Amino acid sequence: MYIAVDLGAESGRVIAGDLKRLEIVHRFPSRSVRIRGRLYWDAPGIYSEILGGLREAFRRYSDKIRSIGIDTWGVDYGLLDSTGDLLGNPFHYRDDRNDGIMEEVRARLGDRRLYEATGIQFLPFNTVFQLREEVAHRSQRLAVAMDFLTIPDLLNYWLCGVKANEFSNASTTGLYDPVAGEWAWDLIDELDIPRGIFRNVVPSGTVLGELSPDIAAELGAPDGVSIVAPAWHDTGSAGAAVPAAPGESNFAYLSSGTWSLLGIERRLPLINDESREANFTNEGGADGGIRFLKNIMGLWILQESRNEWGDSRGSLPDYGVIAAEAKSADPPETTIDVDDPRFLKPGRPDDPMCARIDGYLREHGVRPPGSMGGYARLILESLAQRYAETIRTVERLNRKRIGALYIIGGGSQKDVLNQLTADAASLPVFAGPVEATALGNILMQSLAAGEISGIEEGRSLIRKYHTIREFLPRSK
């Protein structure tokens, strides 16, 4: 039995199980906190929730647990001082401090220089831009920082005392060279980021060590429980669990949640003018290969809009109710650009998400929907359209035909969106598993333990034991 700690931008779970069966032991919110206008992750609070979930897992299963693996979102990080203490809570990637930094760096170095060095999509919250902001405005932190650890790097360090940067998450930073297979040192130097804070990059599937004795005693864990780096980036773990058949290669996959990440698997990065102009990213996969994909805003816009549809007591409408109303609503006159920067930040009382949608539509001469179902249908139609456009771009850039789309993760439960996507892309869509990230996490732990021979065998077991639903395109 294995423990997968799966942290998303909205919630986290501690999950026990294997490739046949999973049990959610503990669920908790991924808390952020706004202090003096800055948005931070509550890293100690999240860690405390993880410990609570692990304690319950060991209470239930005692010596059956072989190892623990953590996966989280990418780009955010903590800095440690010379004693190994955290230098302040990690900033949240949606914090305003990132505003304008990407444009400054792109103007200084040029898009081609940045993209050729790392093959990473231009997004305003990429780690490279966050660290450049530190150089410009928080140089005192970098002056005393000894270690740069992404969020899962940090949490694993707290569990086992080992400091490491893992491949899949390092590759999301915009500071890693996927061709050379090491940090992009020349780029780091050009941006005046100190080299000394970076650790050696370890492959996905690495066994870091064992639970620290004091942590093991606190959790009631037996000796010898390993800490494994599955693919610390959640989409890297989810990608390992794509239930493709042996030998199947002409598929795309979509990790669907707060963010949507859509692309294909490659052995080598694709870094050229075409992929740069299309703003595609080359991130590390659990197998050591490349996830060639596009980051799309995803269900974030729907989640933020839902927060505005609650009643006076703060009760929010169930997603099933939202889906039913979206299904019965008329198709929108037009779609929105889900990646428009206005939709990136959290909604506020003085700047709610639906008002931003209204503004976008009015700019395009379209009347706003005016109902929950209308807004939901608009958002889902817009996502489906963006997915279809992205698949066509993947085909063009890779000179290959896509025959099917696998939708994995929590968003795979949204049948309305699955069907709209099949229709827009004119492709069969296979939805599931819902818990792809946890399954991919456990798949890599199983591989590290020698229980399976490779990712393909793990995928076969996932296909066998988990529900995968098919959505065929409807004739237009």
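Values in this document were obtained by computation on a predicted structure and should not be read as measured data.
Between R31 and E49 there is a salt bridge, since at least one side-chain N of the basic residue sits less than 4.0 Å from a carboxylate O of the acidic one. Between R392 and E389, no side-chain nitrogen of the basic residue sits less than 4.0 Å from a carboxylate oxygen of the acidic one, so the salt-bridge criterion is not met. Using a cutoff of 4.0 Å between basic side-chain nitrogens and carboxylate oxygens, R386 and D339 are scored as salt-bridged. At a threshold of 4.0 Å, the pair D340-R356 does not count as salt-bridged, since none of the basic side-chain nitrogens sits closer than that to a carboxylate oxygen. In this structure, E274 pairs ionically with R399, as a charged nitrogen and a carboxylate oxygen lie closer than 4.0 Å. Under a 4.0 Å N-O distance rule, the pair R276/E116 does not qualify as a salt bridge. Classification of K327 and D415 as a salt-bridged pair fails, no side-chain N sitting under 4.0 Å from a carboxylate O.
Remark: side-chain polar atoms of D71 are not paired, donor with acceptor, to backbone N or O of H233 under 3.5 angstrom. For T173 (side chain) and A170 (main-chain N/O), a donor-acceptor pair under 3.5 Å exists by modelled atom type. With hydrogens and angles ignored, the 3.5 Å screen pairs a side-chain donor or acceptor of R459 with a backbone N or O of A240. Although no hydrogens or angles enter the test, the distance criterion places a donor-acceptor pair under 3.5 Å between the side chain of S460 and the main chain of E456. Looking only at distances, a side-chain donor or acceptor of K294 sits under 3.5 Å from a matching main-chain atom of A278. Checked by atom type and distance alone, the side chain of H26 never pairs as donor or acceptor with a backbone atom of G12 at under 3.5 Å. With hydrogens and angles ignored, the 3.5 Å screen pairs no side-chain donor or acceptor of T437 with any backbone N or O of S237. A distance-only check finds no donor-acceptor pair linking the side chain of S11 to the backbone of L7 [under 3.5 Å]. Between the E308 side chain and the M353 main chain, a donor and an acceptor come within less than 3.5 Å of each other. Distance alone, capped at 3.5 Å, places no donor-acceptor pair between the E283 side chain and the R291 backbone.
Counting heavy atoms from C-beta on, the side chains of F129 and P124 never come closer than 4.5 Å. The shortest side-chain heavy-atom distance between L270 and N282 falls under the 4.5 Å cut-off. Side-chain contact between I407 and S255 is absent, with no heavy atoms from C-beta onward closer than 4.5 Å. Annotation: side chain of L149 is in contact with side chain of N165 (closest heavy-atom distance under 4.5 Å). When side chains are defined from C-beta on, W300 does not count as touching V338, because their heavy atoms never get closer than 4.5 Å. Using a 4.5 Å cut-off on side-chain heavy atoms (C-beta onward), R377 and P369 make no contact. Between P433 and T467 the shortest side-chain heavy-atom distance does not fall below 4.5 Å. In this structure, E304 and P346 have side chains that are in contact, with non-hydrogen atoms separated by less than 4.5 Å.
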Applying ring pair (Phe, Tyr, Trp, His ring centres under 6.0 Å) to W73 and W232, what does each step give before you reach the verdict? CA-CA 8 Å; W73 62 91; W232 279 349; over 10 Å; no
Yes or no on side chain to side chain contact (heavy atoms under 4.5 Å, CB included) for I296 and L261, after CA distance, side-chain angles and deciding distance? CA-CA 6 Å; I296 301 168; L261 295 97; over 6 Å; no
Using the rule given for side chain to side chain donor-acceptor pair (under 3.5 Å), can you reason through Y387 versus S260, listing the C-alpha separation, both sets of side-chain angles and the distance that settles it, and then say yes or no? CA-CA 9 Å; Y387 298 158; S260 292; 2.6 Å; yes
Output, in order, the C-alpha distance, side-chain angles, deciding distance and verdict of side chain to side chain contact (heavy atoms under 4.5 Å, CB included) for M297 and L344. CA-CA 8 Å; M297 197 75 78; L344 176 64; 4.1 Å; yes
Decide side chain to side chain donor-acceptor pair (under 3.5 Å) for Q303 and T258; before the verdict, give the C-alpha distance in whole Å, the side-chain angles of both, and the deciding distance to 0.1 Å. CA-CA 8 Å; Q303 292 165 356; T258 300; 3.3 Å; yes
Dump the intermediate steps for side chain to side chain contact (heavy atoms under 4.5 Å, CB included) on R266 and N398, then the final yes or no. CA-CA 10 Å; R266 292 177 53 94; N398 289 271; 2.8 Å; yes
CA sep, side-chain torsions, deciding dist, call: I357, F343, side chain to side chain contact (heavy atoms under 4.5 Å, CB included): CA-CA 8 Å; I357 295 173; F343 302 128; 3.8 Å; yes
Please lay out, stage by stage, how E451 and Y2 fare under the test side chain to side chain donor-acceptor pair (under 3.5 Å). CA-CA 12 Å; E451 286 199 344; Y2 305 94; 3.0 Å; yes
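Applying the side-chain hydrogen bond (donor to acceptor under 3.5 Å, both in side chains) definition to pairs two or more places apart or across chains, those involving residues 117-129 are Q121-N295.
Donor-acceptor pairing under 3.5 Å is recorded for the side chains of E166 and S204. S275 and N272 form a side-chain donor-acceptor contact under 3.5 Å, judged by distance and modelled atom types alone. Side-chain contact check for S67 and Q445: at least one donor-acceptor pair (N or O, by modelled atom type) lies under 3.5 Å. A donor atom on one side chain and an acceptor atom on the other are found under 3.5 Å apart for E248 and Y406.
Close placement of the W259 and F125 rings is indicated, their centers lying within 6.0 Å of each other.
Residue A221 comes nearest to L211 through the heavy atom pair CB-CD1, 3.9 Å, listed as atom of the first residue, atom of the second, then distance. Taking every heavy atom of both residues into account, G458 and L19 meet most closely at CA-CD1, 4.0 Å. When all heavy atoms of F198 and L131 are compared, the closest pair comes out as CZ-CD1, 4.1 Å. Between N89 and A43, the shortest heavy-atom contact is OD1-N, 3.8 Å.
For the side chain to side chain contact (heavy atoms under 4.5 Å, CB included) with N169, the qualifying choice from D76, T150, V75 is T150, the only one to do so. Checked options V394, I290, L397; the residue passing with I264 is V394 (criterion: side chain to side chain contact (heavy atoms under 4.5 Å, CB included)).
Because its NZ or CZ atom is both nearer than 6.0 Å to the ring centre of Y319 and within 45° of the ring axis, R306 counts as a cation-pi partner of that residue. Remark: R199 fails to qualify as a cation-pi partner of W183 under the 6.0 Å distance and 45° angle criteria applied to the six-membered ring.
Annotation: R267, atom CZ; neighbour count of heavy atoms from other residues, nucleotides and ligands within 6.0 Å is above 12. Environment of NZ in K64: sparse, with no more than 12 heavy atoms of neighbouring residues, nucleotides or ligands closer than 6.0 Å.
Applying the side-chain contact (heavy atoms from CB on, under 4.5 Å) rule to L447 yields the partners M444, I452; only residues at least two apart in sequence or on another chain are considered. For R13, the side-chain hydrogen bond (donor to acceptor under 3.5 Å, both in side chains) partners at least two apart in sequence or on another chain are D6, E435. A384 pairs by the side-chain contact (heavy atoms from CB on, under 4.5 Å) definition with L417, L420, T421, A424, not counting sequence neighbours. For L268, there are no side-chain contact (heavy atoms from CB on, under 4.5 Å) partners at least two apart in sequence or on another chain. Listed by chain and residue number, L51, L155, W158, L159, I215 satisfy the side-chain contact (heavy atoms from CB on, under 4.5 Å) test with Y47 (two or more places apart in sequence, or in another chain).
Between Y176 and F167, the ring planes lie perpendicular to each other; the angle is over 60°, past the 30° to 60° tilted range.
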